[in-house]
Participant: 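Structure in structure tokens, see below.
Quick caveat: nothing in here was measured; it's all calculated off a predicted structure. Within every chain, numbering begins at 1; the chains are lettered A, B, ... in the order of the sequence lines, protein sequences first and strands thereafter.
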There are 2 protein chains.
Amino acid sequence: MLNYTAPPTPAPVDLARLAKWLKVLAEPNRLLIFHLLMEGVQCNCELGEHLKMAPNLISHHLRVLREAGLIEVERDSLDARWIYYSVNRQALQALNQVWSAFFDPQRIKPRRLTCGPQGEMIRLSQVHEG
Amino acid sequence: MLNYTAPPTPAPVDLARLAKWLKVLAEPNRLLIFHLLMEGVQCNCELGEHLKMAPNLISHHLRVLREAGLIEVERDSLDARWIYYSVNRQALQALNQVWSAFFDPQRIKPRRLTCGPQGEMIRLSQVHEG
DNA sequence: ACTATAATTCAATGTATGTTGAACTATACT
DNA sequence: AGTATAGTTCAACATACATTGAATTATAGT
């Protein structure tokens, strides 16, 4: 039932957690790196070819993605000099869940009438009702 | 059919557009404001009560959200001093579509074998074939 | 006209972070 | 041992932007 004066409900997800993930992914180069990782491009050198970025900069962005838990690292079993990064599927699933829960259009509620001129009438009537 | 040397596919969405949206929403206070807007708290003054932030700062964040097309503005018809902000449903729908298309787990491909020691063998064999 | 209210705009500040170049680490080859 | 390769770490820099306080706009009431 619609209630035009009910106080707002707490967010259905951990906003700090969601904001951190979004911040990490909002950086254009990192978003592109994440795309390339999904595409199977997973070593620093080959990422560099596509991105035309210095390897240390790619390292930096990969580190940020990794520290956010979004990607995983693995060394080559034959030649451990090579390091492969890949999308953390569990994290991606969690991310999608949190996103959907938060940005669900059905969550949108009509405007509360506790502000503005209508709000004044409502506030007065509630004083009368007790 | 899986191809371990095929070049990466272009991103299925406009990455710059997605990154901009994410950047706007990645700011913790803005994400919280967006949540309150979904909850029907839609004037600067009442947002201020919940956020305990200065009205000019709230104005700033609302402006950023508006310039990103994520929210809409409307003046009160009875008393035009009051301004109401609300979630742009069309934009939210577009945002969800872009998000889903990009972060679809099914997009994840296996590692390309063009890098590392295996890559060398593949590169050699392709020279023989090609 | 004058005052009050709701909100925005402006200018200044501090901090976070993407970028760069150089130094360093770890592993492999000969 | 010595060199090469793949990648990371470190330090310095530059820029973007959230925050703050003061000034300004727009509308309404008296």
Participant: Might you point out which heavy atoms bring B/Gly116 and A/Tyr84 nearest each other, and give the distance in Å?
Facilitator: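 It is CA-OH, 3.4 Å.
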
Participant: Here's a test of your reading of the structure: between B/Ile83 and A/Leu57, which maps to the more 5' nucleotide of DNA chain C?
Facilitator: B/Ile83

Participant: Would you say C/dA26 has OP1 or OP2 under 4.0 Å from some side-chain N or O of A/Arg75?
Facilitator: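 For A/Arg75, the contact criterion (side-chain N or O under 4.0 Å from OP1 or OP2 of C/dA26) is not met.
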
Participant: Rounded to whole angstroms, how far apart are OH on B/Tyr85 and P on C/dA7?
Facilitator: 9 Å

Participant: Quick one: which of D/dG7, C/dA7, C/dA28 gets closest to the side chain of B/Trp82?
Facilitator: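 Side chain of B/Trp82 sits closest to C/dA7.
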
Participant: Has the side chain of B/Asn56 got a donor or acceptor atom sitting under 3.5 Å from an opposite partner on the base of D/dG21?
Facilitator: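 Yes.
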
Participant: Evaluate the ring planes of A/Phe102 and B/His35, with Trp represented by its six-membered ring, and classify them as parallel (under 30°), tilted (30 to 60°) or perpendicular (over 60°).
Facilitator: tilted

Participant: Rounding to an integer number of Å, can you tell me how far B/Leu51 CG sits from D/dA18 C1'?
Facilitator: 14 Å

Participant: Take atom CD of B/Glu67 and atom C1' of D/dC17, then tell me their distance rounded to the nearest Å.
Facilitator: 13 Å

Participant: How many Å lie between CZ on B/Arg63 and C1' on D/dT19, as a whole number?
Facilitator: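 B/Arg63 atom CZ is separated from D/dT19 atom C1' by 16 Å.
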
Participant: State whether A/His61 places a side-chain N or O below 4.0 Å from either non-bridging phosphate oxygen (OP1 or OP2) of C/dT17.
Facilitator: no

Participant: Taking all non-hydrogen atoms of both residues into account, name the closest pair between A/Arg75 and A/Ala80 and its distance.
Facilitator: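 For A/Arg75 and A/Ala80, the tightest heavy-atom pair comes out as NE-O, 2.8 Å.
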
Participant: Taking CD1 from B/Ile33 and P from D/dA18, how many angstroms apart are they, rounded to a whole number?
Facilitator: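 To the nearest whole Å, that distance equals 11 Å.
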
Participant: Between A/Ile58 and A/Met53, what is the shortest heavy-atom contact and its length?
Facilitator: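 It is CD1-O, 3.7 Å.
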
Participant: Does one hydrophobic cluster hold both A/Trp82 and A/Leu36, with members joined at side-chain heavy-atom distances below 4.5 Å?
Facilitator: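 Shared cluster, no.
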
Participant: Just to confirm, is there a sub-4.0 Å distance from OP1 or OP2 of D/dG29 to any side-chain nitrogen or oxygen of B/Arg81?
Facilitator: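 Looking at the OP1 and OP2 atoms of D/dG29, neither is under 4.0 Å from any side-chain N or O of B/Arg81.
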
Participant: Measure the distance from CG on B/Asn44 to P on C/dA6 and round it to the nearest whole Å.
Facilitator: 11 Å

Participant: Tell me what A/Tyr84 touches on the nucleic acid: a base, only sugar-phosphate, or nothing, going by heavy atoms under 4.0 Å.
Facilitator: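 No contact at all - A/Tyr84 keeps every heavy atom at 4.0 Å or more from the nucleic acid.
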
Participant: A/Lys23 NZ to D/dC17 C1': how many Å, rounded?
Facilitator: 11 Å

Participant: Just how far, in rounded Å, is P of C/dA7 from CD1 of B/Ile71?
Facilitator: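 After rounding, the gap between these two atoms is 13 Å.
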
Participant: A/His60 near the nucleic acid: base, sugar-phosphate alone, or nothing, with a heavy-atom cut-off under 4.0 Å?
Facilitator: base

